[in-house]
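Report on one structure; see the data block that follows.
Treat the numbers as computed from the prediction; the structure is a model and nothing was measured.
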Amino acid sequence: MSASNFSDAFKDTREAKGTCPFNDQNDPVTMLLRFKDVRKTAHNTKGFSSAAKPGRIVVPSEVNIRDTRQIPFEVDPPEHTEYRALVENWFKRPLDPDYENKLTRIVEAEIERVLQKGSIEVISELSLPIQSKALTLLLNIPLSEAETWISWGTHVFRSEESDLDADKASILYDYIDAEIDKVIAAPNDSLYSVLLNSEYQGRKMTKEEVKGVLILTFAGGRDTVINYLTNTISYLAEHPVAIKKLNDNPALVNTAIEEFVRYFSPLTHMGRVVKEEQEISGHVAKEDTRVSLCWASANRDESVFENPNEIILDRKMNPHVAFGFGAHKCLGATHARQLMKVFLRVFTEKVSTIEIINAVENIEDWGVHKRKVGFDKLTIKLNAK
Ligand code: EMZ
């Protein structure tokens, strides 16, 4: 089997039933697998809440390792709308040409660095450093700060020992607390300062609220971006013609990034807590139980996507939900898309071919469904142009 083949783990269940139970730490989740149900449920913020106990809408649940509410992610409208409006403009900065240029310089430097080496382990030597260094732009803080974040590894809540590692999570919480205090003492023009000066419902945001936005910013776009970059490299390694096509045709990059993110769906699903009992594809969703919106399954739904299991770089109709859907659609998507574009441009400009030396798959375990989401290790040899 080829490294860049990511099969559709949910196909049979999606077609036969549309839903599937998953027992997560004794707080079961019913996974919704069909595109239509996923979108409808994501849209219905009244019936399906994000404002449960902090960590409960995440699968696996993070209630045991987190007390801080992530903002605006774990808030419902109408409060959600006001929080989101406070941060929306900041998270659109990646569209500024100056931001894009700086991002391009970062990505160029990283790719040039690994080209010198010849063979590399992609996650630790390229994807994680790019993700962390790019994040300094989103936070508007010095590039050197990325070294600390790189030392945390791929996920801030998961480690090799455990899927929910409280000690690891504390490193992030303590770090953010300390940064907030530093910025209170010496205000600057970072996201921390902007948030500390923002007003919510006519009063200043609290430290806890600011921390909630920052935890989301650090955690939400970390393993997802890393998997996206690594998986894309595995595809380019096995489809050298695509490297040339993308390099020759810059417009193709725009559809290609959407297609990669649909196909790889780095975030498998996100939960909601049922507020108003209702039936979905035969499942009776009872009040205070959990459902999950399975983006990965929806993105392979044959009733929406033609040849869903193929990567079609110039796919025309691509209403994927890899960044979620509705009021809660990914706040970091502008940054992620800009990074995805810049990465493809620079990479296909500088690299001619890639050989995969070793690939260790990262398989998520969702009960009866096992889903490949990326790699634990991907060792490659890069050949420069
Ligand atoms: C949460 C989530 C957000 C969660 C869009 O997803 O990402 C996960 O990786 C984190 O563990 O806490 O931020």
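Remark: the backbone N or O of Arg34 is not paired with any side-chain donor or acceptor of Arg39 at under 3.5 angstrom. Listed for the Lys377 side chain is no donor-acceptor partner under 3.5 Å among the backbone atoms of Phe375. Looking at Asp24, its side chain does come within 3.5 Å of a backbone N or O of Ser61 through a donor-acceptor pair. With Ser162 contributing its side chain and Arg158 its backbone, the two residues share no donor-acceptor pair below 3.5 Å.
In this structure, Lys385 places its NZ atom where more than 12 heavy-atom neighbours from other residues, nucleotides or ligands lie under 6.0 Å away. Within 6.0 Å of CG in Asn101 there are more than 12 heavy atoms belonging to other residues, nucleotides or ligands.
Electrostatic pairing of Glu209 and Arg203 counts as a salt bridge here, judged by a charged N lying under 4.0 Å from a carboxylate O. Looking at Glu74 and Arg66, a side-chain N of the basic residue comes within less than 4.0 Å of a carboxylate O on the acidic one, giving a salt bridge. Ionic pairing of Glu361 and Lys372 is present here: one or more N-O contacts between side-chain nitrogen and carboxylate oxygen are shorter than 4.0 angstrom. Under the 4.0 Å criterion applied to side-chain N and carboxylate O atoms, Glu108 and Lys350 are not assigned as salt-bridge partners. A salt bridge links Arg56 with Asp27; the closest basic N to acidic carboxylate O contact falls under 4.0 Å. Electrostatic pairing of Lys46 and Glu276 does not count as a salt bridge here, judged by no charged N lying under 4.0 Å from a carboxylate O. Salt bridge annotation for Glu258-Arg315: absent, with no cationic side-chain nitrogen under 4.0 angstrom from a carboxylate oxygen.
The minimum heavy-atom distance linking Ala298 with Val321 is given by the pair CB-CG2, 3.8 Å. The nearest pair of heavy atoms linking Cys294 to Val38 is N-CG2, 3.7 Å. Across all non-hydrogen atoms, the minimal contact from Thr224 to Pro266 is O-CB, 3.4 Å.
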Quiz prompt | Verdict with supporting geometry, Thr268 and Arg371, side chain to side chain donor-acceptor pair (under 3.5 Å) | solution = CA-CA 9 Å; Thr268 301; Arg371 169 173 198 251; 2.7 Å; yes
Practice problem: Applying side chain to side chain donor-acceptor pair (under 3.5 Å), run through Trp152 and Tyr175 and close with a yes or a no. | Solution: CA-CA 11 Å; Trp152 296 339; Tyr175 171 85; over 6 Å; no
Exercise. Give the intermediate values and the outcome of side chain to side chain donor-acceptor pair (under 3.5 Å) for residues Ser124 and Glu121.
Key: CA-CA 6 Å; Ser124 56; Glu121 196 289 297; 2.8 Å; yes
Practice problem: Evaluate the ring pair (Phe, Tyr, Trp, His ring centres under 6.0 Å) criterion for residues His320 and Trp295: first the C-alpha distance (whole Å), next the side-chain angles of each, then the deciding distance (0.1 Å), finally the verdict. | Solution: CA-CA 8 Å; His320 70 76; Trp295 318 116; over 10 Å; no
Exercise. List the steps and the verdict of side chain to side chain donor-acceptor pair (under 3.5 Å) for Trp149 and Glu147.
Key: CA-CA 5 Å; Trp149 312 338; Glu147 297 308 326; over 6 Å; no
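Remark: His155 NE2 to Leu128 CG distance equals 12.5 Å, nearest 0.5 Å.
The aromatic rings of Phe157 and Tyr173 sit tilted, their planes meeting at an angle between 30° and 60°.
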